[in-house]
There are 2 protein chains.
Amino acid sequence: MKKKTTIYDIAEKLNLTAATVSRALNNNEKISESTRKLVQETALEMNYEQNTLARALKSGKSYNVGVVVPRMDSNFFASVIRGIEEELYPQGYHVIVCQTHDQENLETGNINSLLNAQVDGILMSISNAKTKNKVFNNLFAKHVPLIFFDRKRDIDGVSSVTIDDFNGAYEATKHLIQQGCKRIAHLSNDRSLEIFKNRYMGYKQALLDHGLECDESLVIETASKVDEGRRITKQFLSMERPPDAIFSSSDFTALGAIQEIKEHGLKIPEDICVVGFSNEPFTRFMELSITSVDQSPIEMGRIAAQVFLEEVNNGKKIKMQKQIVLTPELMVRKSSSKLK
Amino acid sequence: MKKKTTIYDIAEKLNLTAATVSRALNNNEKISESTRKLVQETALEMNYEQNTLARALKSGKSYNVGVVVPRMDSNFFASVIRGIEEELYPQGYHVIVCQTHDQENLETGNINSLLNAQVDGILMSISNAKTKNKVFNNLFAKHVPLIFFDRKRDIDGVSSVTIDDFNGAYEATKHLIQQGCKRIAHLSNDRSLEIFKNRYMGYKQALLDHGLECDESLVIETASKVDEGRRITKQFLSMERPPDAIFSSSDFTALGAIQEIKEHGLKIPEDICVVGFSNEPFTRFMELSITSVDQSPIEMGRIAAQVFLEEVNNGKKIKMQKQIVLTPELMVRKSSSKLK
DNA sequence: TTATATTGGGTAATCGATTGCATAAAAATA
DNA sequence: TATTTTTATGCAATCGATTACCCAATATAA
């Protein structure tokens, strides 16, 4: 096993010092054009590769960023991560992805673990409402930038990239109303998380604006799982006055709802319309395709990454807080297309 | 911003040397019980955290491992990664996930990039048959362990964890035969990748063993995408003698097949049976649930991680090559349940 | 009592790259 | 020609932790 070549090897070969070699490789302007070229060519020849660990130790930058998501096997998060990678890779960063599986201890554990790995920043989507803000203090103390995407929390000095959930929900609900639905239920998620609260608010506002009553018994909160969607929908259907539409803040619960409704012998969209949220691929691929709200995840990831880059490059001098809000898009499909 | 405490700070406070502190923290047996305790308590008090970058530089170990997958928004890969994490996290490792999106240049790019980040090992599922084995030479030269999972390639000295694809396909096909199907088509994928070749072989062997002819025009290779499944199935259905069953080596193409079949007004499973591969969650959640082959991805990930740990801990002394093969399980569901 | 072991811990080099400061040589200016 | 400025490079410390080697003090053996 031949040792890796270091700048010392290059220096020795060229009768220079490591310092000069280092500068030449970094295109330091204090180095003459000729030696710079010479060094760079020799480096190439000798198959030199920078030791990132040494660079990291000296500079205090690891060129790793942590990404914390509830799970990565949803198209939404996978796409956000893809967007982040697309933006960060060309800058020499690597991405360490951690899944929390919605467990609070994993959430705090992951953050500390990433911190311990000396990441240069953390991009995250909060999964658990119970996670204390205190967890982030470690981050702040170490001046490690934190950027929220999608599921954010309002913390002073922390930037975020989200979509306009209120508006997305508003449009979705309005669409249902325009289809003639009068009694629209809402399959909600943990509303101590902003996004779900906002979707709920948007839903409510749309009802109000169109003169429909807002029956709180038609709003039920649950986990974003297919089976949960089924369970709650069963409850809906057993009401004296069951809903004629369901607006779900998750595609997975929307899917469960559809299964349950069909099992009850009801027709979609004729008897009940269903709208989901996130535009997961399966909503498009189902035989009965599902209307959903697209969140442009790749762009969300890219922008989050850009905000991160701005913050690290600002070098702690400037404390900035950006709140970027993207506009969602309603994708109308069969599950809610009552009218021709 | 208070500086991080280092072992020097602790040393100074206790009137010791950094060496002693380091040893005490690492439970070196050359340190007396009393000072060891003293140091460890003081470290705790002073909020000491090891600088992983320094440790990495000195030891040459980054405690990062790279995981390269075609994509991570499939439940299969996400679950494998989860298994890997579960095994590696407790050992202090972090996981850097890279997606290749089936692009060759991304595949080689990712490997080099991970190498550059000085990962201690790479676990990967090959995505592109065109990727030259040459790419791995860099790995070998640096003695970075490489472990294949699922999609492997036969390379001397490289361990792998896979399932018995041949057997999985054999059982799936046998099941179709037992349901009375006589003309079974095979939606295949790139057979220059072992797993797909093996699935094809298992399919073929099952036909042979049960006295059915193997019509090569019923075997078509395509990408693992829903739309591709549709496209090929359309071809199948337009044949003079269309198949009465489709065994797909991917759940996604199986889904496409189902859509197309229904659109043609045919009934599943009465007219045509369909079986997929991977046991993606949606196969279970579809109204018409899809029979599929489970690959126990979490276990696959865990085992791959264990193999990696064995290899690094063996410290390059022993060169070992393990080939671990898990047994798949056929999950029979509606899409192929012709018989009561 | 003297010689030998053992225990506990210090010294200093090392991992590879970066960078503030110093300086010789070359160029520009007086 | 003498002096100042500029240019190109070297010197050495530094980032924080680890470890081979050395040595004093105590314990054990002869």
Side-chain angles (χ1 to χ4, degrees), chain A residues 1-40 42-43 46-64 92 115-118 120 142-143 315, chain B residues 1-40 42-43 46-64 92 115-118 120 142-143 315:
Chain A
M1 165 171 182
K2 52 180 179 236
K3 298 273 287 168
K4 269 187 79 162
T5 58
T6 70
I7 52 172
Y8 294 94
D9 301 328
I10 301 178
E12 194 177 11
K13 180 159 188 179
L14 297 181
N15 249 324
L16 292 170
T17 24
T20 307
V21 173
S22 172
R23 292 197 181 95
L25 291 173
N26 290 305
N27 286 314
N28 185 305
E29 73 284 349
K30 292 259 137 198
I31 297 295
S32 74
E33 191 54 40
S34 57
T35 51
R36 173 181 335 201
K37 242 182 121 174
L38 182 63
V39 167
Q40 297 192 345
T42 315
M46 298 178 72
N47 235 316
Y48 169 76
E49 284 174 350
Q50 194 189 41
N51 183 320
T52 54
L53 296 175
R55 165 169 43 53
L57 174 61
K58 188 66 174 88
S59 67
K61 282 195 61 172
S62 67
Y63 277 92
N64 281 145
L115 231 34
N116 190 252
Q118 278 154 285
D120 297 340
K142 295 181 182 169
H143 294 274
Chain B
M1 165 168 181
K2 52 180 179 238
K3 298 275 286 172
K4 269 188 80 162
T5 58
T6 71
I7 52 172
Y8 294 94
D9 301 327
I10 301 178
E12 193 177 12
K13 179 159 187 179
L14 297 181
N15 249 324
L16 293 170
T17 26
T20 309
V21 174
S22 172
R23 292 198 182 96
L25 291 173
N26 289 308
N27 288 313
N28 185 304
E29 73 283 351
K30 291 260 134 196
I31 297 296
S32 74
E33 189 56 41
S34 58
T35 51
R36 174 183 332 202
K37 243 182 119 174
L38 182 62
V39 168
Q40 297 192 345
T42 314
M46 297 179 72
N47 234 318
Y48 170 75
E49 284 173 349
Q50 195 189 40
N51 184 320
T52 54
L53 296 175
R55 158 154 68 41
L57 174 60
K58 188 64 173 93
S59 67
K61 282 195 60 171
S62 68
Y63 277 93
N64 281 146
L115 231 32
N116 189 252
Q118 277 154 285
D120 297 339
K142 295 181 183 170
H143 293 275

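Quick caveat, the model's predicted, so the values are computed rather than measured. Numbers restart at 1 for each chain; the letters A, B, ... are given by sequence-line order, proteins then strands.
Regarding B:Glu12, its CD atom lies at a distance of 14 Å from the P atom of D:dG16, rounded to whole Å. Atom-to-atom, OH of B:Tyr8 to P of C:dT11 comes out at 12 Å; the value is rounded to the nearest Å. Rounded to whole Å, atom P of D:dG10 lies 15 Å from atom NZ of A:Lys30.
Residue B:Ser32 places none of its side-chain N or O atoms closer than 4.0 Å to OP1 or OP2 of C:dT7. Taking 4.0 angstrom as the limit, A:Ser59 places none of its side-chain polar atoms (N or O) nearer than this to OP1 or OP2 of D:dC15. Between B:Gln118 and C:dG16 there is no side-chain polar atom (N or O) within less than 4.0 angstrom of OP1 or OP2. OP1 or OP2 of C:dC15 has not a single side-chain nitrogen or oxygen of A:Thr6 nearer than 4.0 Å. Between C:dT18 and A:Asn26, a contact under 4.0 Å exists linking OP1 or OP2 to a side-chain N or O.
Counting non-hydrogen atoms under 4.0 angstrom, A:Leu53 reaches nothing in the nucleic acid. Note on B:Ser22: a base of the nucleic acid sits closer than 4.0 angstrom, heavy atoms only.
In the set D:dA17, C:dT18, C:dG16, D:dA17 carries the atom at the smallest distance from any side-chain atom of B:Tyr48.
Contact of A:Arg23 with D:dG10 (side chain to base): a donor-acceptor pair of N or O atoms is detected under 3.5 Å.
Projected onto DNA chain C by closest heavy-atom contact, B:Lys58 and B:Thr35 fall at different nucleotides, the more 5' of which corresponds to B:Thr35.
Side chains of B:Asn51 and A:Gln118: a donor-acceptor N/O pair is present below 3.5 angstrom, by distance only.
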